[in-house]
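Accompanying notes for the structure given below.
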Number of protein chains: 2
Amino acid sequence: MRGMKANLEYITNKLKNKNIRLSHQRLKVLEYMDQHRIHPTVEQIYHGLRDEIPTLSKTTIYNTLKTLMEAGLVKSIAIDDNETRYDIRTDSHGHFKCLTCENIYDFEVNMDSIKIEDLNGFRIYARDMYFSGICPKCIEQKRETDN
Amino acid sequence: MRGMKANLEYITNKLKNKNIRLSHQRLKVLEYMDQHRIHPTVEQIYHGLRDEIPTLSKTTIYNTLKTLMEAGLVKSIAIDDNETRYDIRTDSHGHFKCLTCENIYDFEVNMDSIKIEDLNGFRIYARDMYFSGICPKCIEQKRETDN
DNA sequence: TTTTTATTTGTAATGATTACAATTTTATTA
DNA sequence: TAATAAAATTGTAATCATTACAAATAAAAA
């Protein structure tokens, strides 16, 4: 486990390395993303930081996420119908959404190795895989309820 | 190519088979989807049918698409950031979005055969694959512009 | 410390989608 | 076919995520 100071340094360097100017809000948003790997919505980030930063505005969160996305430090997930979710993991992986508890799970899958005949001649920049269904926890809960 | 009459019958039967009550609007929306396989938005369907059905309301299109989705006759595509797109193809296939012309291309891919270790114990209902990048047409156009 | 530049913030605007009640249409029954 | 019951359509208003914008504030440079 990283110490508090080391973690702040780690977050700070992430921004510095991308030539993003430092600000209290940016550090806190990025720290929140790093510590809450639940693919949060803007609303969740907002509520999570509201106590620490009482003046925080949602617009700032939108602005910050846009900046972080352009730098490649976060990615957006379009698995939800109305709210965008954000992911601090930027390596290739899939997402599973449980239709019962609404949680989003990561899964490992090598999408780059999948050859798609129909896409010969296409320049592919991004690959996303979204599955949905019921997670084991909710299957188990349903089973208990049924008894 | 299906004749006009045969096509109407085909569309009508699609609804009847799913026990969906017939209406002028439902037939026209489904016909539009069948004849315009461009993964249209509500806006596109609305403009496409406005001349034929001057009283048409967008709410009706939303209602109709909801009904058709529940019956499994159409599927929604969340590849767009703000507008939902709808697909009359309900068999398993992937989608590629060109970031330049915004067109969405279908591609064949057998997602059901992909085994995901991390999802053992998960009940999977839907699998979606979204790629994005530049399509051959736009790559070519860019090349010509650069000369 | 001063100045310049960029960020944050609150408010208002936008735009897709949904809620709702009155009207119209479709299906059923006599 | 006509009358009745049930469901679909429509226009308007509401909702809600996201964006636009300009003034206030904070960070970096001089």
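Chain letters run A, B, ... following the sequence lines, proteins first, then strands; residues in each count from 1.
- Mapping B/R21 and B/S57 onto DNA chain D by nearest heavy atom places B/R21 closer to the 5' end of the strand.
- Atom-to-atom, CE of A/M69 to P of D/dT18 comes out at 10 Å; the value is rounded to the nearest Å.
- Using modelled atom types, one finds no donor on one side chain facing an acceptor on the other under 3.5 Å when comparing B/H39 with B/D80.
- Applying the 4.0 Å criterion to OP1 and OP2 of D/dT10, one finds that B/T55 has a side-chain N or O inside that range.
- The backbone N or O of A/T41 lies less than 3.5 Å from a partner atom in the side chain of A/Q44, making a donor-acceptor pair.
- In this model, the phosphate group of C/dT7 is approached by a side-chain N or O of A/R26 to a distance below 4.0 Å at OP1 or OP2.
- Residue B/T84 places at least one side-chain N or O closer than 4.0 Å to OP1 or OP2 of C/dT17.
- Taking CG from A/L27 and CG from A/L22, the interatomic distance works out to 5.5 Å, rounded to the nearest 0.5 Å.
- Counting to the nearest Å, the P atom of D/dA24 and the NE2 atom of A/H24 are 22 Å from each other.
- An OP1 or OP2 oxygen of D/dT10 is reached within less than 4.0 angstrom by a side-chain nitrogen or oxygen of B/T60.
- Atom C1' of nucleotide C/dG15 and atom CG of A/N82 are separated by 14 Å, given to the nearest angstrom.
- When rounded to the nearest whole Å, the span between CD of A/E43 and P of D/dA17 equals 6 Å.
- Applying the 4.0 Å criterion to OP1 and OP2 of D/dT9, one finds that B/S23 has a side-chain N or O inside that range.
- In this structure, CG of B/L56 is placed 9 Å from C1' of D/dT10, rounded to the nearest angstrom.
- Look at B/Q25 and you'll find a side-chain N or O under 4.0 angstrom from OP1 or OP2 of D/dT10.
- Base contact: A/T59 has a heavy atom under 4.0 Å from a base atom.
- A salt bridge is defined here as a Lys NZ or Arg NE, NH1 or NH2 lying under 4.0 Å from an Asp or Glu carboxylate O, and A/E31 with A/K28 meets this definition.
- The 5' end of DNA chain C is approached more closely, in terms of each residue's nearest nucleotide, by A/K58 than by the other of B/I20 and A/K58.
- Separating the CG atom of A/L68 from the C1' atom of C/dT7 is a distance of 13 Å, rounded to the nearest angstrom.
- For the pair B/D81 CG and C/dG15 P, the interatomic distance rounds to 16 Å; values are reported in whole Å.
- Using cut-offs of 30° and 60° for the angle between ring planes, the A/H95 and A/H93 rings count as perpendicular.
- Per the geometry, CG belonging to A/L65 stands 15 Å off C1' belonging to C/dT7, to the nearest Å.
- The shortest distance between the side-chain N/O atoms of B/Y62 and the OP1/OP2 oxygens of C/dT17 is below 4.0 Å.
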